[in-house]
Structures are given as structure tokens and as C-alpha cells.
Amino acid sequence: MSTSSPARPRPAGERRLPGVPGRLLPHPVLRLLRRPLPRLLPRSSPRPLLRVLGGLAVLAAVASSAACGAGPGGVATATVSPEPGAPVRPGGTTTTPGRATTGGPAAATPGASAASARPDELAATARPTGTAPVEVERDRGEPTLVTGVRTGRHDGFDRVVVDVKGGLPGYTVRWVDELQQDGSGKPLALRGHPCLYVLLTPAEAHTEDGAPTWTGTPIDQPLGNVTGILKAGDFEGRVSIGIVAASKTPFRVREYTRPDRLVIDVAH
């Protein structure tokens with residue numbers, strides 16, 4: 001016969017622990033379980049945190065946009081384009097806007113001066129586009145010596161090369177309707193054609209003994225626009241050249257050295 005001990009009365013506030021027979025939770029532990037958990041952060045803490053996270057996001061976006069325009073090594077780079085239509089001034093002071101440039105001229109088609117053309121005169125170049133006068137001033141002591149004038153036909157233009165010795169002089173190149181002989185003022189026959197007037201200064205076309213170094217240039221083979229080359233003067237340090245043409249077209253002036261030359265391209 002078995003006997004069981006009478007059940008112990010449960011004190012107020014105690015609770016049996018689930019799954020563990022005979023174990024009761026004292027009322028102080030029960031009170032702790034019933035309390036709400038303490039807040040880990042104050043109520044106002046999310047706003048400053050969001051501000052910090054937002055600031056970091058902005059800095060990341062700025063850094064990303066800066067990297068898009070950066071060159072090697074992360075350094076920002078920029079490309080500056082030259083101003084369109086800016087004049088190129090060849091070795092002197094251009095006092096009148098024109099088309100004076102420096103560079104290699106255009107491929108020659110078979111013509112009068114193809115055999116005498118120098119290698120740097122045969123490089124391809126564009127057709128002239130301007131008709132404005134060109135004036136280049138140079139301060140020189142001794143005058144330049146003009147030794148000859150050559151012509152040749154190229155793709156899109158005729159070429160007139162003035163060979164000089166002793167450095168490049170100043171020059172003026174412009175279209176005129178009349179041409180006069182320097183010194184005498186006698187009109188030269190243009191037969192109604194326009195003339196590209198070329199004035200070289202200081203320059204001479206004769207030796208110290210007075211022997212001429214250039215008297216004129218005949219056109220042996222027809223060109224596209226140029227019909228004649230006239231010597232208009234060799235007087236008081238001025239050499240005048242007349243490039244007679246069938247029509248007034250754009251022209252270009254270029255300078256070359258080694259040897260010294262003035263190259264004038266007349267469009268056709």
C-alpha cells in the first residue's frame with residue numbers, strides 16, 4: 001500500500017515551469033518576465049543615424065560623377081578646342097586679315113613645273129577658300145633677292161612659287177583690276193582680266209652689278225585659272241609681280257624655308 005504525501009500549497013505569485021515537473025518559478029522572476037524589454041536606442045536615435053547614412057550616400061554619388069570625367073590616375077581632364085577661323089600668321093605681323101598659313105602644299109598634276117617642284121610642294125592640301133588681302137610686314141636690313149618665279153597646276157588650284165634668297169621678305173597680296181609699272185606708272189596690259197598683285201619688300205630682282213635675276217615667267221602649258229606672270233617692278237627695294245587670271249577666285253599664301261620660297265595658290 002503506497003501512501004502519497006499531501007500536496008504543498010502553492011504560494012501566491014508562483015508558476016510552474018513548463019516541462020519540468022515540480023519546478024516552480026518564484027514570483028520575483030515572474031515579475032521580471034512580465035516587464036517590457038529595455039530600449040537599446042533612444043527614440044530620437046534613428047533620425048541622426050539616417051542623416052549620417054544619407055550624407056555618406058551623397059558623398060558616394062559625387063565621387064562617382066567626378067570619376068566619370070577623370071583621366072588616367074583619377075585626375076579630371078578637359079579638352080579645349082581652338083577658335084574656328086583663327087588666322088595663322090607666318091613669321092611676321094599680319095596687318096590685314098588674309099589666308100597666310102604655314103604648311104605643306106598640294107599634289108601636283110602633270111604640268112609646267114611638275115619637274116621643278118620641290119618635294120614639300122607636292123603634299124596634298126585643300127583648295128583655297130578666301131579672297132581677303134594678305135599683308136605681312138618684316139623689319140629687314142638687307143633686301144631679299146628674287147631669283148625666279150615658277151608655276152604649276154594642282155588639283156583645285158594653280159600654284160605660283162616665288163623663289164628668294166637671303167630670307168623671306170614682307171609682302172602684300174591682293175586682287176586688283178589695274179596694274180602699273182613701278183617707277184614709270186605705265187599701265188600694264190591685263191586685257192580686262194583680274195590680277196593678283198604681289199608686292200615684296202624689301203626685295204630686289206637684280207644683282208649688285210645691275211644684272212636682272214628674274215625678268216618674267218612665260219606660261220608654257222595652260223593652267224586652270226592663271227594666264228600670265230608679269231614683272232611689274234624692281235624699284236627702290238620693291239619687287240612687284242602680277243599674276244593675271246581668267247577670274248577672281250580664292251587664294252592662299254604660304255611660306256617655306258630651306259630654301260626660302262613664297263607659295264601662292266590661286267583656285268580654279
Side-chain angles (χ1 to χ4, degrees), residues 90 98-136 144-165 168-176 179 182 188 190-191 193-201 203 205 212-234 238-257 259-268:
R99 304 294 298 180
T101 57
T102 301
T109 56
S113 66
S116 61
R118 299 186 180 275
D120 57 355
E121 297 171 13
L122 300 178
T125 191
R127 182 180 184 271
T129 59
T131 58
V134 176
E135 183 179 358
V136 173
T144 295
L145 182 65
V146 178
T147 60
V149 178
R150 299 178 279 119
T151 62
R153 178 168 180 164
H154 293 249
D155 241 351
F157 59 88
D158 296 330
R159 168 154 297 161
V160 178
V161 181
V162 182
D163 294 311
V164 298
K165 185 178 180 181
L168 289 166
Y171 51 86
T172 299
V173 183
R174 59 187 174 89
W175 283 109
V176 297
L179 186 64
D182 286 347
L188 297 178
L190 299 180
R191 298 176 182 176
H193 293 297
C195 178
L196 194 58
Y197 174 68
V198 181
L199 173 64
L200 308 178
T201 180
T213 56
W214 173 66
T215 56
T217 301
I219 305 296
D220 296 329
Q221 296 186 16
L223 303 176
N225 188 17
V226 174
T227 60
I229 305 293
L230 302 178
K231 181 179 178 181
D234 178 14
R238 297 158 53 99
V239 174
S240 301
I241 304 170
I243 303 175
V244 185
S247 60
K248 188 181 297 185
T249 59
F251 68 92
R252 171 178 54 228
V253 182
R254 296 177 183 266
E255 296 180 358
Y256 289 86
T257 57
D260 296 329
R261 290 151 289 159
L262 193 67
V263 175
I264 303 168
D265 296 332
V266 184
H268 59 64

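The structure displayed is predicted, hence computed values, not measured ones.
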**Q.** Derivation of the side-chain contact (heavy atoms from CB on, under 4.5 Å) call for V244 and V226
**A.** CA-CA 6 Å; V244 185; V226 174; over 6 Å; no
Q. By salt bridge (charged side-chain N to carboxylate O under 4.0 Å, His left out), which residues pair with K231, not counting sequence neighbours?
A. none
Q: Name all residues meeting the salt bridge (charged side-chain N to carboxylate O under 4.0 Å, His left out) criterion together with D260; count only those two or more places apart in sequence or in a different chain, and write none if there are none.
A: none
Considering residues at least two apart in sequence or located in another chain, which fulfil the side chain to side chain donor-acceptor pair (under 3.5 Å) criterion with [X]?
X    : result
T249 : N225
T201 : none
R174 : none
W214 : T217

Q. Between T227 and I219, is a side-chain contact (heavy atoms from CB on, under 4.5 Å) present by the stated rule, with each step listed?
A. CA-CA 7 Å; T227 60; I219 305 296; over 6 Å; no
Q.
If I take atom OG1 from residue T172 and atom CG from residue L199, how far apart are they, to the nearest 0.5 angstrom?
A. 5.0 Å
Q. Nearest 0.5 Å, what's the OH-CG distance between Y197 and L179?
A. 7.5 Å
What pair of heavy atoms forms the shortest contact from [X] to [Y], and how long is it?
X    : Y    : result
C195 : L190 : CB-CD1, 3.9 Å
A246 : P194 : O-CD, 4.0 Å
P133 : F251 : CA-CZ, 4.4 Å
A245 : H193 : O-CB, 3.2 Å
H154 : H268 : O-NE2, 3.1 Å
T147 : V164 : OG1-N, 4.1 Å

Between [Y] and [X], is there a side-chain heavy-atom distance shorter than 4.5 Å?
X    : Y    : value
F157 : V266 : no
D158 : T151 : no
R254 : D265 : yes
V253 : L262 : yes
I241 : L230 : no
T144 : L200 : no
T125 : R252 : yes

Q.
Under the rule for side chain to side chain contact (heavy atoms under 4.5 Å, CB included), what residues qualify as partners of P259, not counting sequence neighbours?
A. R118, R261
